[in-house]
There are 2 protein chains.
Amino acid sequence: MTSRPHLTDADYARLLRLRTQLRKFEHWSAQQAAAMDLTASQHQLLLAIRGHGGSKGPTIGEVAADLLVAHNTAVGLVDRTQELGLIDRERDPSDHRVVRLALSAVGREKLNALSAEHVEELARLAAVVDKLVRN
Amino acid sequence: MTSRPHLTDADYARLLRLRTQLRKFEHWSAQQAAAMDLTASQHQLLLAIRGHGGSKGPTIGEVAADLLVAHNTAVGLVDRTQELGLIDRERDPSDHRVVRLALSAVGREKLNALSAEHVEELARLAAVVDKLVRN
DNA sequence: TCATAATATCTCGTATAGCGATATAATCGT
DNA sequence: ACGATTATATCGCTATACGAGATATTATGA
């Protein structure tokens, strides 16, 4: 534990502005997802499936690790997202314990519609955060 | 709506890595807050109060705007955080409709203990995100 | 003045998301 | 064969978030 200088009012104000920028991005992203009738978590689940390397499709445990949530949280999220017809559960033929996830046609379309603008918005976020960190 | 190039597998993988970095920061921050018996939202409420400019202390409506949540969400968050003894509600003497928020001594201490390491971690996050955005 | 509007907060009901504990099913190791 | 491990599912609970509507206070207009 290193000794730290006392934080000033200005330090706290800057910390608040930084967190506000992160919040604004998440909020904007959630609104974009909502416009496609998705929650933010459902959007992230679609991205975790689409962005997963390899041909086989990720397991529930793998997306739970990607999303930094407990496996049972991922089960509930997969349940709700599957009910919307955005993803499919498929038992792995070589290991029947494993469920592999795949995007449905609708899921693929919705994720595609969201992704390009997210690339742009993330670039903006990076620029603003970098500026704030450098004071 | 400008026409956009088709996103590749690599684009989706990069998008996933970017969101994963943001998630890791939020997850780390939530764990730091939990170590102080705070939820992530409660921590952000403390910061919104501490980082608010002016001498008078923010109203519930103001912190709701800072946190990008509806006012009734902020009411519930303030209720729970006040029950923990971290903040105080004070009716504005000049306008009895308004509730102004202030940190308690315990709230101030917990926020202080969290903030220095958050400054450092945010600097790391900014560097990693910047690198990923620039490919 | 007195009714009404505007503002600020609070209450109630419901949904998502998250976790710990526990259960079930399939596979692996010996 | 069979106990241990792995993967997923279920149950019960809390926190967060919102919409709708209620209450209290202040401001405004006829």
Side-chain angles (χ1 to χ4, degrees), chain A residues 19 23 26-31 33-46 48-49 56-84 86-102, chain B residues 19 23-24 26-31 33-46 48-49 56-84 86-101:
Chain A
R19 297 303 290 257
R23 251 196 303 280
E26 299 292 349
H27 193 250
W28 171 87
S29 179
Q31 284 179 321
M36 308 293 294
D37 296 313
L38 294 176
T39 67
S41 294
Q42 287 163 359
H43 174 205
Q44 294 308 292
L45 175 59
L46 298 187
I49 295 171
K56 295 199 66 177
T59 68
I60 288 193
E62 284 169 342
V63 296
D66 276 346
L67 301 181
L68 300 179
V69 298
H71 73 278
N72 48 353
T73 300
V75 169
L77 181 58
V78 166
D79 286 345
R80 293 187 297 270
T81 309
Q82 185 178 25
E83 275 171 25
L84 294 175
L86 302 170
I87 62 177
D88 298 309
R89 266 184 170 97
E90 292 161 12
R91 284 279 166 189
D92 188 314
S94 69
D95 185 342
H96 284 204
R97 292 172 303 183
V98 172
V99 170
R100 294 198 176 273
L101 302 173
Chain B
R19 297 304 289 257
R23 253 197 301 281
K24 274 186 180 171
E26 298 293 348
H27 193 249
W28 170 86
S29 179
Q31 284 179 321
M36 309 292 294
D37 296 313
L38 293 176
T39 67
S41 293
Q42 287 162 0
H43 174 204
Q44 294 308 294
L45 175 59
L46 298 187
I49 295 171
K56 294 199 66 176
T59 68
I60 289 193
E62 284 169 345
V63 296
D66 276 347
L67 301 180
L68 299 179
V69 298
H71 72 278
N72 49 352
T73 300
V75 169
L77 181 58
V78 166
D79 285 345
R80 292 186 297 271
T81 309
Q82 186 178 24
E83 275 170 26
L84 295 174
L86 302 171
I87 62 177
D88 298 307
R89 265 182 170 98
E90 293 162 10
R91 282 281 165 188
D92 188 313
S94 68
D95 186 343
H96 284 204
R97 292 172 302 182
V98 172
V99 170
R100 295 198 176 273
L101 302 173

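Reminder, nothing fancy here: chain letters follow the sequence lines and each chain counts from 1. From a predicted model like this one, the values you see are computed outputs, not experimental measurements.
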| Any side-chain heavy-atom pair from A:Arg80 and A:Ser41 closer than 4.5 angstrom? |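 Sidechains of A:Ser41 and A:Arg80: no contact.
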Identify the pairs formed between an N or O of the protein and an N or O of nucleotides 23-27 of chain C at a distance under 3.5 Å, and give each distance.
unit_1: C:dA26; atom_1: O3'; unit_2: A:His96; atom_2: N; d: 3.4
unit_1: C:dT27; atom_1: OP1; unit_2: A:His96; atom_2: N; d: 3.0

Classify [X] by what it touches in the nucleic acid, base, sugar-phosphate, or nothing, heavy-atom distance under 4.0 Å.
| X | result |
| --- | --- |
| A:Gly61 | sugar-phosphate |
| A:Val75 | base |
| B:Thr39 | sugar-phosphate |
| A:Ser41 | sugar-phosphate |
| B:Arg89 | sugar-phosphate |

Euclidean distance, atom [atom1] of residue [X] to atom [atom2] of [N] [Å, nearest integer]:
| X | N | atom1 | atom2 | answer |
| --- | --- | --- | --- | --- |
| B:Gln82 | C:dT9 | CD | C1' | 13 Å |
| A:Arg80 | C:dA15 | CZ | P | 12 Å |
| A:Glu83 | C:dA17 | CD | P | 12 Å |
| A:Asp79 | C:dG18 | CG | P | 14 Å |
| B:Lys56 | C:dA8 | NZ | P | 13 Å |
| B:Glu26 | C:dA17 | CD | C1' | 15 Å |
| B:Ile87 | C:dT9 | CD1 | P | 12 Å |
| B:Asn72 | C:dA15 | CG | C1' | 14 Å |

Practice item. For B:Lys56, check side-chain hydrogen bond (donor to acceptor under 3.5 Å, both in side chains) against everything at least two apart and list the hits. Key: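 side-chain hydrogen bond (donor to acceptor under 3.5 Å, both in side chains) check on B:Lys56 returns B:Asp92.
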Checking B:Arg89 now: which residues fulfil side-chain hydrogen bond (donor to acceptor under 3.5 Å, both in side chains) with it, not counting sequence neighbours?
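By the side-chain hydrogen bond (donor to acceptor under 3.5 Å, both in side chains) rule, B:Arg89 matches B:Asp79, B:Gln82.
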ask   = Between A:Val99 and A:His27, which has a closest nucleotide on DNA chain D that is more 5'?
value =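 The answer here is A:Val99.
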* Measuring from B:Leu101:CG to B:Thr59:OG1, what's the distance to the nearest 0.5 Å? ->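 It is 7.5 Å, given to the nearest 0.5 Å.
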Residue pairs fulfilling salt bridge (Lys or Arg N to Asp or Glu O under 4.0 Å) with at least one residue in residues 57-72 of chain A, sequence neighbours excluded
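Not a single pair qualifies under salt bridge (Lys or Arg N to Asp or Glu O under 4.0 Å).
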Quick check on the helix from C:dT1-D:dA30 to C:dT30-D:dA1: what's the angle between its two end axes, five base pairs per end, to the nearest 10°?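 What I find for the helix from C:dT1-D:dA30 to C:dT30-D:dA1 is an axis angle of 10°.
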B:Arg97 backbone acceptor or donor facing B:Arg91 side chain under 3.5 Å:
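Indeed, once roles are kept as given, a pair shorter than 3.5 Å links the two residues.
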Among B:Val78, B:Thr81, B:Ile87, find the residue that satisfies the side-chain contact (heavy atoms from CB on, under 4.5 Å) test when tested with B:Gln42.
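Considering B:Val78, B:Thr81, B:Ile87, a side-chain contact (heavy atoms from CB on, under 4.5 Å) with B:Gln42 is found only for B:Thr81.
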| request: Determine the sole option in A:Asn72, A:Leu67, A:Val69 for which the side-chain contact (heavy atoms from CB on, under 4.5 Å) test with A:Leu77 is passed. | output: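 Between A:Leu77 and the candidates, side-chain contact (heavy atoms from CB on, under 4.5 Å) is satisfied uniquely by A:Leu67.
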Span of DNA chain D in contact with chain B (heavy atoms, under 4.0 Å):
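First and last nucleotides in contact are D:dA15 to D:dT26.
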